*Asks:* 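Structure below; questions to follow.
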Amino acid sequence: MLKPSTGETLADLREEIDRIDQAMHRLLMERGEIIDRLIHVKAKQGNGSAFRPSREADMMRRLVERHQGLLPLDTVETIWRIIISTFTFVQSNYAVHADISGGDAVMRDCCRFHFGFTVPFNPHPDVASVISAVKASKGDLGLVRIEAGPAAGPWWTELAAPDAPKIIARLPFVERPDHPAGLPLFVVATPPAEATARDVVILSVTIDRWQEDLPARLAEQNIEILDKSEAGGKVSLMLAASRPDGVAAQNDTIDERLRKVLHDRGIDAQSTEIGSHAARFDLALRRCEAAQ
């Protein structure tokens, strides 16, 4: 960080700002040139998918870790989110379909924070419509509230079919209490063939009966109940299985952890993976660790 000079004038400082602005603009144009070359390389390789959830998560982690100074993190995060989303749009045009059953304004604000104004925003009356629109598209995204409310029912079961869209990300990525677009959202899409973040695996699980201590027992196995719906004598659960320290998040490991809680307690269960996402960056926790 540059230290102030005793002989500086307002004109000198404004000249420095102009120089920095020009440099940033040149770098953005240079990034665009590289993206143009990337498009041609992908076309030759037959890989048209522009979404890389794991790479985006890595970029955002590095951004937050190195940030310092007067510029609010909210501003830095939204600038980078817009850069990433817009250049992804340039590579392969897409739209964002959003469930506005819980309110149009809050969902629209979240969409603009995470994806900017270049990417089209398509509102839908419910979760089912969002999933259908994403499935019918060639590469669109869907935004769904993680807690969609009782009226939505067990919406996550619609992601269980092999050809159905899947959860590829959770927003916001940077976790903090004062986030300006802090509504917990899942991003639903046709998953890319590679670079899917698997820190947290999302499961659709149907069990034959409910037991009150299940949330606590599952939590002991790093499994969180995100939502629950009961109908017809069955209980549908949406579960998030986090990776224990030092253990890869593979299907067999998750099945073993589920079995310890459900099968060993005599509960019949059917489980299907419906997506995965990167672990969120907990800013408050990171600040506490840095202060110690």
Side-chain angles (χ1 to χ4, degrees), residues 1 31 50-88 96 98 106-107 109-116 119 141-147 166-189 191-192 194-203 219 221-227 238-250 253-254 273-292:
M1 183 178 297
R31 196 182 198 278
F51 295 105
R52 293 293 180 270
S54 181
R55 174 167 167 73
E56 289 188 13
D58 287 341
M59 293 172 66
M60 294 307 297
R61 284 192 190 97
R62 293 196 299 269
L63 173 72
V64 177
E65 287 173 343
R66 70 173 177 255
H67 182 65
Q68 58 181 318
L70 296 177
L71 189 63
L73 179 60
D74 294 336
T75 304
V76 178
E77 183 186 0
T78 191
I79 288 172
W80 251 258
R81 284 293 318 167
I82 291 173
I83 289 173
I84 294 170
S85 300
T86 302
F87 278 116
T88 301
V96 174
V106 63
M107 187 63 80
D109 285 348
C110 288
C111 180
R112 293 315 181 199
F113 182 93
H114 296 298
F115 298 98
V119 179
L141 302 179
L143 283 185
V144 178
R145 288 176 298 136
I146 295 177
E147 296 182 2
K166 298 292 184 285
I167 294 165
I168 67 167
R170 175 171 176 160
L171 298 174
F173 177 70
V174 180
E175 190 81 1
R176 60 187 185 278
D178 58 345
H179 199 294
L183 183 67
L185 299 171
F186 276 143
V187 180
V188 177
E194 58 178 294
T196 300
R198 293 184 59 79
D199 297 334
V200 180
V201 174
I202 310 300
L203 305 169
Q221 299 296 326
N222 290 77
I223 299 174
E224 175 187 4
I225 298 178
L226 299 177
D227 209 341
M238 179 169 55
L239 305 181
S242 301
R243 181 177 59 210
D245 293 339
V247 178
Q250 301 296 329
T253 303
I254 295 171
E273 183 177 325
I274 57 172
S276 62
H277 62 79
R280 291 165 288 166
F281 191 104
D282 192 327
L283 184 63
L285 178 61
R286 186 57 58 93
R287 285 173 174 170
C288 288
E289 291 174 347
Q292 292 178 354

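Quick caveat: nothing in here was measured; it's all calculated off a predicted structure.
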*Asks:* Arg280: what forms a side chain to side chain donor-acceptor pair (under 3.5 Å) with it, not counting sequence neighbours?
*Replies:*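 Arg280 satisfies side chain to side chain donor-acceptor pair (under 3.5 Å) with Glu175 only.
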*Asks:* Kindly compute the distance separating CG (Asp109) from CZ (Arg112), expressed to the nearest 0.5 Å.
*Replies:*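 It is 10.0 Å, given to the nearest 0.5 Å.
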*Asks:* Let's go through Arg31 and Ile83 carefully: what are the C-alpha distance in whole Å and the side-chain angles of both, what is the deciding distance for side chain to side chain contact (heavy atoms under 4.5 Å, CB included) to 0.1 Å, and is it a yes or a no?
*Replies:* CA-CA 10 Å; Arg31 196 182 198 278; Ile83 289 173; 4.0 Å; yes
*Asks:* For the CD atom of Glu147 and the CZ atom of Phe186, what is their distance to the nearest 0.5 Å?
*Replies:*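 The CZ atom of Phe186 is 10.5 Å from CD of Glu147, to the nearest 0.5 Å.
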*Asks:* Specify the closest pair of heavy atoms between Leu226 and Ala240, including all atoms of both residues, with the distance to one decimal.
*Replies:*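 Heavy-atom minimum between the residues: CD1-CB, 3.8 Å.
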*Asks:* First locate atom CZ of Arg145, then atom CG of Leu183, and finally report the distance between them rounded to the nearest 0.5 Å.
*Replies:*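 Going from the CZ atom of Arg145 to the CG atom of Leu183 covers 7.0 Å.
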*Asks:* Rounded at 0.5 Å granularity, tell me how far CD1 in Ile167 sits from CD1 in Ile274.
*Replies:*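 That separation rounds to 4.5 Å.
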*Asks:* Which pair of non-hydrogen atoms, one from Ile146 and one from Met238, has the smallest distance, and what is that distance?
*Replies:*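 Minimum heavy-atom separation between Ile146 and Met238: O-CE, 3.7 Å.
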*Asks:* List the residues meeting side chain to side chain contact (heavy atoms under 4.5 Å, CB included) with Ala57, not counting sequence neighbours, and say none if there are none.
*Replies:*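 Residues passing side chain to side chain contact (heavy atoms under 4.5 Å, CB included) with Ala57: Arg61, Phe173, Ala278.
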*Asks:* Find the distance between CZ (Phe113) and OG1 (Thr78) and round it off to the nearest 0.5 Å.
*Replies:*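 Going from the CZ atom of Phe113 to the OG1 atom of Thr78 covers 4.5 Å.
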*Asks:* For the residue pair Leu141 and Phe115, what are the closest heavy atoms and their distance?
*Replies:*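 Residues Leu141 and Phe115, closest heavy atoms: CD1-CE2, 3.6 Å.
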*Asks:* Side chain to side chain contact (heavy atoms under 4.5 Å, CB included) with Ile84: which residues, sequence neighbours excluded?
*Replies:*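 With sequence neighbours excluded, Ile84 shows a side chain to side chain contact (heavy atoms under 4.5 Å, CB included) to Glu56, Met59, Met60, Thr88, given in chain and number order.
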*Asks:* Apply side chain to side chain contact (heavy atoms under 4.5 Å, CB included) to the pair Ile254 and Leu203, showing each step before the final yes or no.
*Replies:* CA-CA 10 Å; Ile254 295 171; Leu203 305 169; 3.5 Å; yes
*Asks:* Write down the atom of Val200, the atom of Ser242, and the distance for their closest heavy-atom approach.
*Replies:*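 Smallest interatomic distance, heavy atoms only, reads CG2-OG, 4.1 Å.
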*Asks:* Which residues pass the side chain to side chain contact (heavy atoms under 4.5 Å, CB included) test with Ala98, sequence neighbours left out?
*Replies:*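 Result, side chain to side chain contact (heavy atoms under 4.5 Å, CB included) vs Ala98: Met107, Phe121, Leu143.
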*Asks:* How far does CG of Leu73 sit from CG of Leu63, to the nearest 0.5 angstrom?
*Replies:*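 Taking CG in Leu73 and CG in Leu63, the distance rounds to 7.0 Å.
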*Asks:* Decide yes or no on side chain to side chain contact (heavy atoms under 4.5 Å, CB included) for Ile168 and Val188, but give the supporting numbers first.
*Replies:* CA-CA 6 Å; Ile168 67 167; Val188 177; over 6 Å; no
*Asks:* Whether the side chain of Ser276 engages the backbone of Ala197 through a donor-acceptor N/O pair (distance < 3.5 Å, no angle test) should be reported.
*Replies:*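 Yes; at least one donor-acceptor contact below 3.5 Å.
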*Asks:* Can you confirm whether the side chains of Glu77 and His67 place a donor and an acceptor under 3.5 Å from each other?
*Replies:*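 Glu77 vs His67: no donor-acceptor pair found between side chains.
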*Asks:* Return yes if some donor-acceptor pair links the side-chain N/O of Ser85 with the main-chain N/O of Val119 below 3.5 Å, else return no.
*Replies:*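 Between the backbone of Val119 and the side chain of Ser85 there is no qualifying donor-acceptor contact (under 3.5 Å).
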*Asks:* Excluding sequence neighbours, so at least two apart, what forms side chain to side chain contact (heavy atoms under 4.5 Å, CB included) with Pro72?
*Replies:*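 For Pro72, the residues satisfying side chain to side chain contact (heavy atoms under 4.5 Å, CB included) (neighbours in sequence not counted) are Thr75.
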*Asks:* For a quick test of reading the model, state the closest non-hydrogen atom pair linking Phe281 to Val64 and the distance between them.
*Replies:*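 Where Phe281 meets Val64 most closely, the heavy atoms are CE2-CG1, 3.4 Å.
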*Asks:* Are Leu185 and Val144 packed together at the side-chain level, in the sense that at least one heavy-atom pair is separated by less than 4.5 angstrom?
*Replies:*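 Heavy-atom side-chain distance check fails, nothing below 4.5 Å.
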*Asks:* Would you sort out whether Glu273 and Ile202 count as a side chain to side chain contact (heavy atoms under 4.5 Å, CB included), showing the intermediate values?
*Replies:* CA-CA 6 Å; Glu273 183 177 325; Ile202 310 300; over 6 Å; no
